[in-house]
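Atom set for the values below is all heavy atoms of this structure, side chains included, hydrogens, waters and symmetry mates excluded.
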Amino acid sequence: MTATYDCIATTTLSTTTSTVTFSSISSSFTDLLLVFSGTSTSSFTFLIARFNNDTGTNYSYTLLQGDGSSASSTRGSNTASPYVGLVNTGTGAVGVYKLQVMNYANTTTYKTLITNGGIASNRVQAGVMLWRSTAAINRIDLFPDGGDSFASGSTFSLYGIKAE
Amino acid sequence: MTPILGIWASQNYPRVTTSFESIATVSVGSGGAADITFSSIPGTYTHLQIRGIARSNESGNSADSLRMIFNSDTNANYSRHRLYGYDSVVYAGAGANTTYIQCLDYPYSGATANAFGAGIIDILDYANTNKYKTIRSLAGDEMNAAVSSALSFYSGSWRNTSAISTIKITTGSGSFAQYSHFALYGIKGA
């Protein structure tokens, strides 16, 4: 029987890493789920995702968050750096996020990513990101904003979900 | 120590899990669709999950929330809550004794071309005949620049202890546009 929910790749960083890349992603699934658990090396900053190595201003996002005393919504348009979460430094500030890329392999629609997660010591978040391209996604890059890096021990797992 | 055959088999051969299974998929064709219906849903799972993208044929560049009903119940047996970020403002909404649950944000036909709303809808303990039914959903439609966008948390309740065997999803107005796509999955307990 074909697995509907399959682990495509997983990695645990053994050294600080500026960008984590999943490439040559098979188009045989319907949705992708990227699970991240980790920290940055030097700052409290945003988590950025890009598809197919597109560094153009072809992204936009809406991010809803609560920090324990207030809720806020942030929006970014025509950006090359769409925010999909947060990272922070220290073992007590682990960021945990699920990034769900819906219908990633179709070649007729723009691609939408739904994210949710947070850092327990900072805030909880959920967001939606749009990549204005009809290309099938075969690569995902994840990196902290501002030139920061992921710390050693951060984990990244990519799953495929297949509709029959 | 060399494992005995039974232990060797379980340790060294990959097992295909069937805890998360695809039940049915609906892809909207060129003619559009008035609704998305999953029927004859087996009661053999513990939870259901619907994963989908949607766009409407309704004119204009606005957006709305998809509506969901169970077992063809169109009476005021539902209630709902929504927490959402709409552009740079946070809103909350609720409805009691309503005739449907809201579950996923979607744009009208005049919104950013090729952009669809998307969401993941969980229907928990759907086959349990001792409980009212609860759904939760995380959804959003991001349209870039001048067109408004939203990210939403939804919760909903159907005040009925019947096992869910039919799920019908409709737009608030207009019909589903081509390439709207919904997949129903079943999640088994241990």
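Looking at B:Leu83, the atoms closer than 4.5 Å to chain A (heavy atoms on both sides) sit in the backbone and in the side chain alike. Only the backbone of B:Tyr86 comes within contact range of chain A, with heavy atoms under 4.5 Å apart. Contact annotation for A:Thr108: both backbone and side-chain heavy atoms come within less than 4.5 Å of a heavy atom of chain B. For a residue to count as touching a neighbouring chain, one of its non-hydrogen atoms must lie under 4.5 Å from one of that chain's; by this rule A:Thr115 touches chain B with the backbone only. When heavy atoms are compared at a cutoff of 4.5 Å, B:Ser27 does not approach chain A at all. If you measure heavy-atom distances from B:Asp105 to chain A, you find no contacts under 4.5 Å at all. For B:Tyr84, the part lying under 4.5 angstrom from a heavy atom of chain A is the backbone only. Using a 4.5 Å cut-off between heavy atoms, A:Thr30 touches chain B through its side chain atoms alone. When heavy atoms are compared at a cutoff of 4.5 Å, B:Ser152 does not approach chain A at all.
B:Ile187 and A:Tyr5 fall within a single hydrophobic cluster, where Ile, Leu, Val, Met, Phe, Trp and Tyr are joined by side-chain heavy atoms under 4.5 Å apart, directly or via other members.
With B:Asp122 contributing its side chain and B:Leu124 its backbone, the two residues share no donor-acceptor pair below 3.5 Å. Side-chain atoms of B:Arg55 do not come within 3.5 Å of backbone N or O of B:Gly117 as any donor-acceptor pair.
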CA sep, side-chain torsions, deciding dist, call: A:Leu99, A:Ile114, side chain to side chain contact (heavy atoms under 4.5 Å, CB included)
CA-CA 6 Å; A:Leu99 311 177; A:Ile114 304 284; over 6 Å; no

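When each of A:Ala71, A:Gly127, A:Ser60 is scored by its heavy-atom pairs under 4.5 Å with chain B, the top score falls to A:Ser60.
Annotation for A:Val84 and A:Leu113: closest pair CG1-CD2, 3.9 Å, computed over non-hydrogen atoms.
Relative ring orientation between A:Phe150 and A:Phe156 is described as perpendicular, the plane-to-plane angle rising above 60° on a 0-90° scale split at 30° and 60°. Using the six-membered ring where Trp is involved, B:Phe176 and B:Phe182 have ring planes that are perpendicular, over 60° apart on the 30 and 60° scheme.
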